[in-house]
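Down below is the structure, laid out as structure tokens.
Position 1 is the first residue of the sequence, and the numbers go up from there.
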Amino acid sequence: MNSNKHRLQNLWLLGFLVVTAITSAQPSFVPVGNPIDVAEESYGNKAIRMVLNAANEPVVSFGNNGNLYVVKWLNDLGVFTLPTAIDPDENIYMSDAEGPQMAGQGNNIVLTYMLSGQWDTGARSVSSTDGGLTWGDPVAMVPDATEDHFMPCVGMDDDANPFAGVKVGNNPASIYEGILRSEDGGASWLAAVDASAMADGDAVCECCPSQPFYAMERYYDLVRNNNANVRDFWLLSSADGILWDSAVDIDPVDWVISSCPASGPAITGPLADDTWLTAYMSAGGISGQSRIYLSSLDLGVDGGVWLGTEAITVSQFDNATQNNPSLASWDSGIGSTLVALAWEQNTGGYDIQLALSSVGAGESQSSMLTDVAVNLTSEWNGQHRRPVVAFSSNEDGDAVQFHLVWQNSADGTVKYWTGYIAYPLDINPVLAPQQPTVTFDRVALHVDLPASWRNSIWNAYDMQGRLLCNGKCSNPSTDIALPPSHSFILSIEASNGHRWARAFSGIAR
């Protein structure tokens, strides 16, 4: 799907109309249709993971007790494939936090998982080289292990070789983060090396998933540490994936808890200022509630530097429990970065919250994400949990699509929702020579269309992405009655698939 982004021009204050335009730089999600199921309920909805392949098609893994499945979106048909069973003859350990993990680069995708009850030698990997359509045979990652190698969490380097973090050891007081590397695309794995020796204390959290990733020609791993029950996140790194000689404390909350929180981090970058963002749940402080925090990192220095940490909500929610963050970013190509942060939040029931930001170099991306969350799932029944987000763009880089999957308890399915991003007045990631022009008065929006945009359709959404009204732009100039909301998103779609959208806020009639 293409969605060209253009600057909104010629907004005039007409007559006695009082208009307050958007003053912040917060983009908005404009959905295309309603959420759909990635598969039937019988396939389950545990351990949701998602990556995009080289064609920007979502590849989603999930399952139920003992069973792991993968589906792939088909761009040409607009549907997901039927689920492919992974290692169907084995009893696969399925857990939302500790279950299978997935990483991808282009059309090379690797899934890692555990066989239930086989905590020493049961780590497995399976690979796809065609973008998630077909999968190879399972590979034993640690066939000769004599102690637990639990919960392989996988990343991928620039050569499409996977590497995975595992919890090594049988005693929670001394479990360390081991790193397994593959030098042949996942066909075989080297023995684990100790990656967490430089972190404070003697152990890592025994069931918190880690986040291996490769950046700036260096191997990294985000790990929740355990230093005498201080459970905070550390950035571990290595120049070669063998000697892990750096450990940086990136979590100042210093949550003290005697059990493992079973919650892991997310990472995205580089942003416009070459920094990276990581999000995680912690529960320090007076309230003791679990909240999402963002830490900024500079990976331009060997080993990385922690730049600061902010809570993602300060005044927006007084009484809420937050967990399971997911991050994604998209480079506009002209010095600004779009960032999405989604998480689950329990405020009388679980819903998916989404915060969007687009800023340039020198601006605080994390600050722009604070206290701007929108509830995406409030109108649907059930508990909505464990979101995963991603961005994609077209070949020209002038269209951005948003992808979201999450777990719905009402019907036991994995939901998929997609759409594009509407920008407020002061953001212009991409300019176009021909674009709609919108003016307005007390009762209507006046849309003037260039020739290439004739016979378009328009949709007006509220700020949560729900459709308010729609219609056609049959003439060069079309009047649209003001939607029944003081804040809304206007979207125009041309017959050639190009899309234009802008957000309006605080419009007084």
N/O donor-acceptor pair under 3.5 Å between [X] side chain and [Y] backbone:
X	Y	result
Thr313	Asp371	no
Ser326	Val389	yes
Gln407	Arg386	no
Glu57	Asn75	yes
Asn56	Ser393	yes
Gln211	Ala266	no
Thr268	Ser329	yes
Asp254	Asp232	no
Gln105	Asp157	yes
Asn171	Ala173	yes

Between Asn319 and Gln289, does a side chain to side chain donor-acceptor pair (under 3.5 Å) hold up when you go through it step by step?
CA-CA 8 Å; Asn319 185 22; Gln289 287 183 306; 2.9 Å; yes
Around [X], counting heavy atoms of other residues, nucleotides and ligands shown, do more than 12 lie under 6.0 Å from its [atom1]?
X	atom1	value
Glu40	CD	no
Glu183	CD	no
Asp240	CG	yes
Asn64	CG	yes

Parallel, tilted or perpendicular for [X] and [Y], by the 30°/60° rule?
X	Y	value
Phe402	Phe391	tilted
Phe163	Tyr219	perpendicular
Tyr293	Tyr280	parallel
Phe80	Trp73	perpendicular

Check the pair Val388, Leu404 against side chain to side chain contact (heavy atoms under 4.5 Å, CB included), reporting the backbone distance first and the verdict last.
CA-CA 6 Å; Val388 186; Leu404 167 68; over 6 Å; no
Can you find a pair of side-chain heavy atoms, one from [X] and one from [Y], that are under 4.5 Å apart?
X	Y	result
Pro100	Met94	yes
Ser282	Asp251	yes
Asn108	Asn53	no
Val374	Gln353	no
Leu338	Ile421	yes
Met156	Phe213	no
Trp255	Val230	no
Ile250	Thr309	no

Distance-minimising heavy-atom pair for [X] and [Y]:
X	Y	value
Pro152	Ala123	CG-CB, 4.1 Å
Ala247	Ala199	CB-N, 3.6 Å
Ser125	Val110	CB-CG1, 4.3 Å
Met141	Ala164	CE-CB, 3.9 Å
Arg231	Ile257	NE-O, 3.0 Å
Gln383	Ser409	N-OG, 2.7 Å

Which distance, rounded to the nearest 0.5 Å, do you find between the [atom1] of [X] and the [atom2] of [Y]?
X	Y	atom1	atom2	answer
Ile292	Asn324	CD1	CG	7.5 Å
Asp194	Ile179	CG	CD1	9.5 Å
Arg218	Ser246	CZ	OG	6.0 Å
Met50	His403	CE	NE2	7.0 Å
Arg49	Ile109	CZ	CD1	15.0 Å
Cys207	Glu98	SG	CD	4.5 Å

Step by step, work out the salt bridge (Lys or Arg N to Asp or Glu O under 4.0 Å) result for Arg224 and Asp249.
CA-CA 10 Å; Arg224 195 191 290 271; Asp249 187 350; over 6 Å; no
Looking at Trp417 versus Trp380, is the centre-to-centre ring distance below 6.0 Å?
yes
Side-chain donor-acceptor pair under 3.5 Å between [X] and [Y], yes or no?
X	Y	answer
Tyr113	Asp87	yes
Thr377	Asp351	yes
Thr321	Gln345	no
Asp411	Asn408	yes

Between [X] and [Y], is there a side-chain N and carboxylate O pair less than 4.0 Å apart?
X	Y	answer
Asp96	Lys46	no
Asp37	Lys415	yes
Arg291	Glu310	no
Glu206	Lys167	no

Does Thr129 form a side chain to side chain contact (heavy atoms under 4.5 Å, CB included) with Asn107? I'd like the steps, not just the answer.
CA-CA 5 Å; Thr129 59; Asn107 281 330; over 6 Å; no
Which of Asp148, Asp120, Leu180, Val168 passes side-chain contact (heavy atoms from CB on, under 4.5 Å) with Val142? Answer is Leu180
